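Written out below as structure tokens is the structure these notes cover.
None of these values were measured; they are calculated from a predicted model.
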Amino acid sequence: MQMRSSLGKVRGLGSTKSGVVHWWAQRITAVALVPLSIWFVIAAIGLVGADYGTFQDWISLHGNLVLLIAFTAVLFHHAQLGLQVVIEDYIHGEALKVASIVAVKFVAAMCTISIIFAALRVAFAG
């Protein structure tokens with residue numbers, strides 16, 4: 001016995017169409033954040049008390065800049081994926097749900113772009 005309606009069968013709609021991709025993306029970003037977060041914490045501790053010149057020298061190293069950009073992109077993507085699930089589960093009005101998801105994605109994108117731009121600006125300033 002199938003639990004889907006005739007209309008659902010015709011449209012091909014079901015829980016497996018987008019939920020699995022979202023679930024995997026959330027898990028992959030979580031796994032990627034483990035080593036990136038460890039690197040970031042160690043780097044931040046190492047830079048405690050450093051002046052701007054020292055920080056600029058540190059971020060100008062190719063590996064540090066790449067890891068910082070990767071950390072930023074993965075962090076905000078993971079955050080917006082998680083917030084999207086919360087919004088979908090707890091906001092019931094369709095218009096408010098869509099507006100909230102769009103707002104979260106926009107803020108995550110703007111934060112990512114802003115941090116990457118700032119890192120590049122510092123790295124290539126001198």
Check the hydrophobic clustering (I, L, V, M, F, W, Y; side-chain heavy atoms under 4.5 Å; chains of links allowed) and say if [X] and [Y] are grouped together.
X      : Y     : result
Val74  : Leu81 : no
Phe117 : Ile69 : no
Val20  : Trp23 : yes
Phe71  : Leu47 : yes

Taking ILVMFWY side chains as joined if any heavy atoms are under 4.5 angstrom apart, and letting links pass through other members, which residues group with Val107?
none
Who pairs with Phe76 by ring-ring contact (aromatic ring centres under 6.0 Å, His included), at least two apart in sequence or on another chain?
none
Please round to the nearest 0.5 Å and tell me the distance separating atom [atom1] of [X] and atom [atom2] of [Y].
X      : Y      : atom1 : atom2 : result
Phe124 : Leu120 : CZ    : CG    : 6.0 Å
Phe40  : Ile45  : CZ    : CD1   : 10.5 Å
Leu83  : His78  : CG    : NE2   : 9.5 Å
Leu33  : His77  : CG    : NE2   : 10.5 Å
Gln56  : Arg121 : CD    : CZ    : 11.5 Å
Ile91  : Asp89  : CD1   : CG    : 10.5 Å

Gln84 side chain near Val104 side chain, heavy-atom distance below 4.5 Å:
no
Is the shortest side-chain heavy-atom distance between Ile59 and Leu65 below 4.5 Å?
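Sidechains of Leu65 and Ile59: in contact.
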Would you tell me whether Asp51 and Thr54 have side-chain atoms, one donor and one acceptor, within less than 3.5 Å of each other?
yes
Hey, does the side chain of Ser37 reach the backbone of Val34 with a donor-acceptor pair shorter than 3.5 angstrom?
no
Is it the case that over 12 heavy atoms from other parts of the model lie below 6.0 angstrom from the CZ atom of Phe55?
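Yes.
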Check Val31 against Pro35 and note the closest heavy-atom contact, atom names and distance.
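Taking Val31 first and Pro35 second, the nearest heavy atoms are O-CD, 3.2 Å.
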Which heavy atom in Ser60 sits nearest to a heavy atom in Ala123, and how many Å separate them?
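Looking at all heavy atoms of both residues, the shortest contact is OG-O, 3.1 Å.
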